[in-house]
Trainee: 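Here's a structure for you.
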Amino acid sequence: MSTILIVDDSAVDRRLAGGILEKTVGLKVEYAFNGVEGLEKIPQVHPEMVLTDMQMPEMDGLDLVGKIRERFPLVPVVLMTAHGSEELAVQALARGAASYVPKAKLADELPEVVSSVLAVAKADRHNERLGACLKSTTSEFVLENDPALVDPLVDQCQQLITRMKICDETDRIRIGVALEEALLNALYHGNLELDSESLREARTGMVSGSLSNPIDLRRKMAPYVERKIHVRVSVSSDAAQFSISDEGPGFNLADVPDCTEPENLERECGRGLLLMRTFMDEVRFSPKGNEVTLIKRKAT
């Protein structure tokens, strides 16, 4: 059973988050009052993830993210953001956090975010010797509109960047999160043309067992059923580049709220873009808006 460490000075919020994860994801949960206690507990309980509040006494979430990246780079950190902590959260994402969940949406979003980051963090870390021999590689994939294909593809990409030693373990996880966001955007928003509200309702229906889920319906309907996701992965000793395109109508990037502004942190429509731009060195969109190119340069 995976262990998660929840760091929050509010006993109510700690237990709320822990109860959600114990019930929905089946995790073993450990608790800490603030960042200082959290750092002391990591070598004791060996968590596979840390879930932390942002505003705490002695050591806040921003400092905790930096310390964990320095001392425990294999442990991903997910943030719990409350109103008033948005600017700190943006800084923490830049420092090394793997994702975030607004406290106001814990019940709806926490299980999915934690499961996603855990899956990325547990990806295969072998083949290091082979990676020393590999100088460059390019792969192309054409995916059907099946979300089950996303995690295996992200895993393969992570194995490539690990072999090529593009980044440390923390950034490997963050690249995986950015790739997953880009692939799911291409699937749901691009090929299936679902807006953020429709997608949220669809995922709610999946949890409740609804038989009329719009995701499944659109995957079987024209013109959506014929559309594909095209992925080109190029990794060299200097950088990794991922180009992801869908066959949907595209979108106007100017219509998306500036996701780097703290006041937009809790808006669903900018979440993926914020994570991509924070975790990658360069993010480019095609003029039509149906292709994104993500670039991560080798850490020096």
Side-chain angles (χ1 to χ4, degrees), residues 24 99-102 105 108-117 119-120 139-157 175-233 242-257 259 264 266-277 279-280 283-294:
T24 60
S99 192
Y100 70 92
V101 181
K105 302 178 181 179
D108 293 333
E109 298 186 7
L110 184 61
E112 181 179 353
V113 170
V114 167
S115 297
S116 174
V117 174
V120 171
S139 303
E140 294 188 18
F141 302 86
V142 180
L143 308 182
E144 298 177 355
N145 294 319
D146 186 352
L149 297 174
V150 171
D151 282 346
L153 178 54
V154 170
D155 183 28
Q156 286 205 26
C157 292
I175 290 170
V177 171
L179 285 174
E180 183 179 56
E181 291 289 345
L183 288 165
L184 292 178
N185 280 343
L187 169 58
Y188 294 132
H189 299 310
N191 281 352
L192 299 186
E193 297 184 50
L194 290 167
D195 58 28
S196 296
E197 181 62 23
S198 299
L199 181 57
R200 185 188 66 79
E201 293 176 356
R203 286 172 167 169
T204 301
M206 290 171 68
V207 172
S208 64
S210 171
L211 298 179
S212 58
N213 189 284
I215 294 176
D216 291 334
L217 292 176
R218 289 207 178 193
R219 286 177 58 199
K220 301 172 184 177
M221 294 168 51
Y224 315 108
V225 66
E226 301 296 334
R227 294 174 176 173
K228 308 294 183 184
I229 301 172
H230 302 264
V231 183
R232 180 181 176 87
V233 180
F242 311 91
S243 295
I244 300 167
S245 62
D246 59 71
E247 297 179 351
F251 74 102
N252 185 357
L253 188 60
D255 294 336
V256 180
C259 55
N264 291 328
E266 294 193 12
R267 299 186 63 157
E268 294 182 22
C269 59
R271 173 194 179 84
L273 188 55
L274 170 62
L275 296 175
M276 284 186 275
R277 284 182 167 168
F279 296 164
M280 308 299 285
V283 177
R284 300 195 305 257
F285 285 90
S286 64
K288 185 180 177 181
N290 67 335
E291 180 176 13
V292 62
T293 298
L294 311 175

Trainee: Could you tell me which residues satisfy side-chain hydrogen bond (donor to acceptor under 3.5 Å, both in side chains) with Arg219, sequence neighbours excluded, listed by chain and number?
Mentor: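 Here no residue qualifies.
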Trainee: Using 0.5 Å steps for rounding, measure from the CD atom of Glu226 to the CE atom of Met221.
Mentor: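 Spacing of CD (Glu226) from CE (Met221) equals 13.0 Å.
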Trainee: Distance check, rounded to the nearest 0.5 Å: Asn290 atom CG versus Asn191 atom CG?
Mentor: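 Those atoms lie 9.0 Å apart.
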Trainee: As an exercise, state the distance from CG of Leu183 to OH of Tyr188, rounded to the nearest 0.5 Å.
Mentor: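 Interatomic distance, Leu183 CG to Tyr188 OH, rounded to 0.5 Å: 11.0 Å.
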Trainee: Any side-chain heavy atom of Phe242 sitting closer than 4.5 Å to one from Ile175?
Mentor: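 SC-SC contact between Phe242 and Ile175 confirmed.
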Trainee: What I'd like to find out is whether the side chain of Tyr100 reaches to under 4.5 Å of the side chain of Val113, using heavy atoms alone.
Mentor: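 Not touching, per the 4.5 Å side-chain cut-off.
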Trainee: Nearest 0.5 Å please: distance from the CD1 atom of Ile229 over to the CD1 atom of Ile244.
Mentor: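 These two atoms lie 8.5 Å from each other.
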Trainee: Going by heavy atoms in the side chains, are Leu192 and Leu187 under 4.5 Å from each other?
Mentor: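 SC-SC contact between Leu192 and Leu187 confirmed.
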Trainee: Would you name the heavy atoms of Val120 and Gly176 that are closest together and state the gap between them?
Mentor: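 Scanning both residues, the minimum pair turns out to be CG1-CA, 4.0 Å.
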Trainee: Kindly indicate whether the side chain of Arg227, heavy atoms from C-beta on, has any atom under 4.5 Å from the side chain of Asp246.
Mentor: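 The answer is no; the side chains never approach within 4.5 Å.
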Trainee: Where is the tightest heavy-atom contact between Asp151 and Ala119, given as atom of each residue plus distance?
Mentor: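 Scanning both residues completely, I find the closest heavy atoms to be OD2-CB, 4.5 Å.
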Trainee: Taking all non-hydrogen atoms of both residues, which atom of Glu109 and which atom of Val101 are closest, and how far apart?
Mentor: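 In this case the closest contact between Glu109 and Val101 is CB-CG1, 4.0 Å.
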Trainee: Mind checking what makes side-chain hydrogen bond (donor to acceptor under 3.5 Å, both in side chains) contact with Glu247, not counting sequence neighbours?
Mentor: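 Residues passing side-chain hydrogen bond (donor to acceptor under 3.5 Å, both in side chains) with Glu247: His230.
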Trainee: What are the two closest non-hydrogen atoms of Met276 and Ala178, and how far apart are they?
Mentor: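 Reported closest heavy-atom pair: CG-O, 3.6 Å.
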Trainee: Give me the atom names and distance for the closest heavy-atom approach of Ser243 to Glu291.
Mentor: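 Closest approach of Ser243 to Glu291, heavy atoms only: CB-OE2, 3.7 Å.
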Trainee: Using side-chain heavy atoms (C-beta onward) and a distance below 4.5 Å, is Leu294 in contact with Phe279?
Mentor: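 Leu294 vs Phe279: side chains apart.
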Trainee: With rounding to the nearest 0.5 Å, note down the distance linking NZ in Lys105 to CG in Leu110.
Mentor: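 Those atoms lie 13.5 Å apart.
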Trainee: Given side chains that start at C-beta, do those of Asn145 and Arg218 come closer than 4.5 Å, heavy atoms only?
Mentor: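 Of all side-chain heavy-atom pairs linking Arg218 with Asn145, none is under 4.5 Å.
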Trainee: Roughly how far, to the nearest 0.5 Å, is the CG atom of Leu153 from the CD atom of Glu180?
Mentor: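 Between Glu180 CD and Leu153 CG, I get 11.0 Å after rounding to 0.5 Å.
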Trainee: Quick one, Phe251 with Asn185, criterion side-chain contact (heavy atoms from CB on, under 4.5 Å). Give me CA distance, side-chain angles, the key distance, then yes/no.
Mentor: CA-CA 11 Å; Phe251 74 102; Asn185 280 343; over 6 Å; no
Trainee: Between Gly190 and Pro249, which heavy-atom pair has the shortest distance, and what is it?
Mentor: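 It is O-CD, 3.9 Å.
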